[in-house]
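Computed from a predicted model, the values in this text were never measured in an experiment.
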Amino acid sequence: MDNQAALDNPAVQASSDKDAPLKEDIRLLGRLLGDVLREQEGEAVYEVVETVRQTAVRFRRDADPVAGEELTSLLHRLTRDQTISVVRAFSYFSHLANIAEDQHHIRRRRAHLMRGADPRQGSVAHALCKLRDAGVPQDVVEDFFKQALISPVLTAHPTEVQRKSILDAEHDIARLLAERDRGPTPKEMQRNTQLLQARIATLWQTRMLRYSKLTVADEIDNALSYYRITFLREVPGLYEDIEAEIAERYEGPAAQLHDASFLQMGSWIGGDRDGNPNVNADTMRHALVRQSTTILDFFLEEVHALGAELSTSTLMVEVTPEMQALADASTDSSPHRSDEPYRRALIGIYARLAATARELGVDHILRKEVGHAPPYLDAGLFAADLEVIAASLRANHGAMLVAPRLAGLMRAARIFGFHLASLDMRQSSDVHERVLAELFARAGAESDYAALSEERKIALLLGELAQPRPLFSPYESYSDETNSELAILRAARDIRLRYGSRAIRNYIISHTETVSDLLEVLLLQKETGLMRTSAGSCDVMVIPLFETIPDLQRASAIMDEWMSIPLVSSVIEKQGRLQEVMLGYSDSNKDGGFLTSNWELYQAELKLVDVFAAKGVKLRLFHGRGGTVGRGGGPSYDAIRAQPPGTVNGQIRLTEQGEIIASKFSNPEIGRRNLELLVAATLEASLVPHAADEVNTARLARYEAVMAELSERAYRAYRNLVYETPGFTDYFFTATPIAEIAELNLGSRPASRKSTRRIEDLRAIPWGFSWGQCRLLLPGWYGFGTAVSGWLADGNREERMELLREMHRDWPFFATLLSNMDMVLAKTDLAIASRYAELVADVELRERIFRRITAEHSETLRCLEAVTGVSERLAGNPLLARSIQNRFAYLDPLNHLQVELIHRRRKLGDNADPRVHRGIHLSINGVAAGLRNTG
């Protein structure tokens, strides 16, 4: 494909020569894709692709109505087969451009490090420099890492558009592209180009879409692939880097963080059953077997490799008595290794690991062990054996032999255990209510639990929690739902016993609205052996999820009442005086819009801080962020640093969802950088004096008062459009590809909670995804223009505008909010969106709704530019601006083709050719890849 038009864009030309390698990579990959297209599909198809691209570029560049008419006519004339080829070509170019961009980020970072430049913002080194300069001593920093918990939690959602086969091929392309930076010979370069073309040809011949519905087991395996690519090596490596950075920045002794586990992985995949009927006790057990298999395979490979490396002989050096005892206990008795205690010990460790793997359900051990050995009871004993080896090496001139592999393996054992990642359970509060209503009724304790007042529910639940006997009877019959929910909790108990207490330690309650919602889960844990009321202890932390605007407003009062209950206070004491609270970004945005969602989240956090401080309990917030800005997305580093004072304190969990996982973690170096950003941001937010502290109390109160007014105005504007405008639901379901998205085999979870066309019942994920596909991204900006212009008009315009500019300059919360909105607006395109609006047959409805959206977009842009003083999008992030500009040349045609295909499908209905469906789904994949954070 000829991609010169994208590179000839003035915004791209304005970039410095440091972007030349990126342009070269994009040209190379585009040329190779074009060669593959010619070879696979023929010259005629290639020419069609080029004509579509050139016409779409003219339409964008010149806003040429003639070009628009030509494009419409051209797309109408495409045959079904031509359409599929064109869509695939532009989709794959989106994927290839992403690879080139990721490689350029790595290239730039390495160049920065090689120059010995000052640490870059977002690095741990930069954070440590700030702490050192602020007078924070080294021991405080080390204590932070010993007490902290930073946990990215991988989730599966119905916007994840990548197949694992595609990811594997793209991983190879990224590796081959990286090799070109390492000075290959001309012959090696030629060979590299051939291999690149072969892998691109493989991509072209690989089915991009799933023809069968993705299962939970598929989602589990997809997520585990990122552990093999990134997490298993990069997480332990980051620990080692942080130790070294502390020593370097403080010029003191090496940090002692050997037992710290501040960065731990979490997962919802296999345990999140809110709205997903496919998750049950079996999927939880399967998730742990697959997770355990992944980490034990890694341990077995590393121990085997370590045995090959540690050929040290006692004829040359001595070993410690503990090391000799470990070797003597080995299953290996070969006389050829009688003087090689490390190898003998590692053969014995391998045998114990193999036995452990079989005990935990691993079906296949790649290498047969020597002899039989008892399994490890837990990963701590495995780590202790490795420490014996390390201590012996350090004591006998072998310290340098620890670093290459053994140190990382010991870290991995402590971080991942035999469970790999903590699996969260999640279910909706209304399900718990139904289950307990049935248990109470069968036991004769209460005939209509659901009808009770909140006060009577609490009294009944606390009374039942004090009873030693269970409600459940093995001699009664129960509904399938009740049996399934109890089976899941019993499975959780068994999993904890088998894999360790970290395997499952959190239970999240969706739609938490009352204290009884929390007590219900305590009682269900008591029913299944996970809670012992007499000891005041609960194995799995009960975590409320506050999602809608009203829920967020009630959060602090609910937690105050919850923590005031004596039984709960005892449970929290056993949890280390710590309680987690989850905040939902997606549903609060769908409920109240971008501005109000962000403000209510901010307010809820501040009120929670006060309540928890009064109770003497440490607060850990779990941020349910999505990919789009409308769902809490945007740069994680900025988001964490902009958190209100007192809300981080070394404790933070956050979701990594859908295709964002692939974007962040499908390349190990990019993955390491994203993990480091989380750690650095948490470190700064916890220990560096909070930026908001620099704003005096009176000014901050004034800022917050303004924000409250803006939020109220934005809320009314958003709710009026989405929930109160006649015909808006019809417009949304027609002018976006939501119906087509619901048909995709993207995830195991349905797109809607109920079989209705009500926006209230639609999941927030496909809601945001649909607006991204049609390039409006409405959830990320709508209401801001009305709010600001209305507030300015109600007072002294000049004074109020100056106050907004001051807020943008001095208040991190407001600055981050506008920065994220700026990014969304850079990806918004009304010309493209107008093509989707044409899908609405009712002309009056189309013009009425789209005119309102267009007016609000114009007003939002005007207000944003007035507040920030910048008329161009992403002026403060030129690299991202260039990235977005680079994408338009191949992203726009996909949108135009998607509109054409949707029009054909809806016109023909059930009689539409299956290839039309396929083309739509391919275009959805391509647009998602081009925008990168649409889910």
Side-chain angles (χ1 to χ4, degrees), residues 1-9 12 23-97 100 173 193-194 196-208 831-832 835 885-904 913 915-916 918-927 929-930:
M1 288 175 69
D2 179 5
N3 45 75
Q4 188 63 41
L7 301 175
D8 287 344
N9 187 289
V12 180
K23 298 178 192 177
E24 184 179 336
D25 285 346
I26 290 177
R27 285 194 186 98
L28 170 68
L29 295 175
R31 176 174 61 80
L32 294 177
L33 178 59
D35 292 343
V36 167
L37 187 60
R38 282 192 183 97
E39 195 273 331
Q40 300 284 325
E41 304 295 325
E43 188 70 31
V45 171
Y46 173 81
E47 291 300 330
V48 168
V49 170
E50 276 304 290
T51 304
V52 171
R53 184 191 62 78
Q54 292 167 6
T55 310
V57 168
R58 271 200 297 130
F59 179 65
R60 159 169 291 279
R61 184 184 59 210
D62 305 327
D64 182 359
V66 175
E69 292 172 7
E70 288 179 15
L71 185 61
T72 299
S73 176
L74 174 60
L75 297 180
H76 273 308
R77 294 197 308 270
L78 291 179
T79 68
R80 285 178 293 244
D81 288 339
Q82 284 177 329
T83 301
I84 295 295
S85 295
V86 173
V87 170
R88 294 185 74 223
F90 284 109
S91 295
Y92 276 127
F93 190 53
S94 292
H95 288 252
L96 295 173
I173 292 171
T193 302
Q194 291 171 345
L196 273 173
Q197 186 162 358
R199 294 309 278 145
I200 292 172
T202 300
L203 270 183
W204 189 260
Q205 295 181 356
T206 299
R207 174 168 45 84
M208 187 180 282
I832 298 292
R835 298 296 308 278
Q885 285 294 327
N886 282 344
R887 294 166 188 275
F888 283 154
Y890 52 86
L891 191 56
D892 290 355
L894 283 170
N895 285 114
H896 289 295
L897 283 161
Q898 186 178 101
V899 172
E900 171 63 22
L901 288 165
I902 290 173
H903 176 76
R904 291 184 192 180
D913 190 298
R915 284 172 291 185
V916 174
R918 184 178 168 216
I920 294 170
H921 295 170
L922 285 167
S923 71
I924 289 170
N925 183 298
V927 172

To the nearest 0.5 Å, what is the distance between CZ (R199) and CG (L96)?
-> 12.0 Å

Heavy-atom check, side chain of V49 versus side chain of F90, under 4.5 Å = yes

Can you list the residues that meet the side chain to side chain donor-acceptor pair (under 3.5 Å) rule with T193, with sequence neighbours excluded?
-> R180

Taking R918 for the side chain and I84 for the main chain, is one N or O donor matched with an acceptor at less than 3.5 Å?
-> no

Residue list, side-chain contact (heavy atoms from CB on, under 4.5 Å) with R80, at least two apart or on another chain | R904, D913, R915, V916

Mind checking salt bridge (Lys or Arg N to Asp or Glu O under 4.0 Å) for E41 and listing every partner two or more places apart, or none if nothing turns up?
-> none

Determine, step by step, whether Q197 and I200 satisfy the side-chain contact (heavy atoms from CB on, under 4.5 Å) criterion, reporting the C-alpha distance in whole Å, the side-chain angles of both residues, the deciding distance to 0.1 Å, and the verdict.
-> CA-CA 5 Å; Q197 186 162 358; I200 292 172; 5.6 Å; no

Is the backbone of N895 close enough, under 3.5 Å, to the side chain of Q898 for a donor and an acceptor to pair up by distance?
-> no

Verdict with supporting geometry, V87 and S923, side-chain contact (heavy atoms from CB on, under 4.5 Å) = CA-CA 6 Å; V87 170; S923 71; 4.0 Å; yes

Separation between CZ (F93) and CG (L29), nearest 0.5 Å, reads 8.0 Å

Under 3.5 Å donor-acceptor, T202 side chain and A198 backbone | yes

So T83 and E900, side-chain contact (heavy atoms from CB on, under 4.5 Å) or not? Walk me through it.
-> CA-CA 10 Å; T83 301; E900 171 63 22; over 6 Å; no

Is there a donor-acceptor pair under 3.5 Å between the side chain of Y92 and the backbone N or O of L203?
-> yes

Indicate yes or no: at least one non-hydrogen side-chain atom of D35 is less than 4.5 angstrom from one of R31.
-> yes

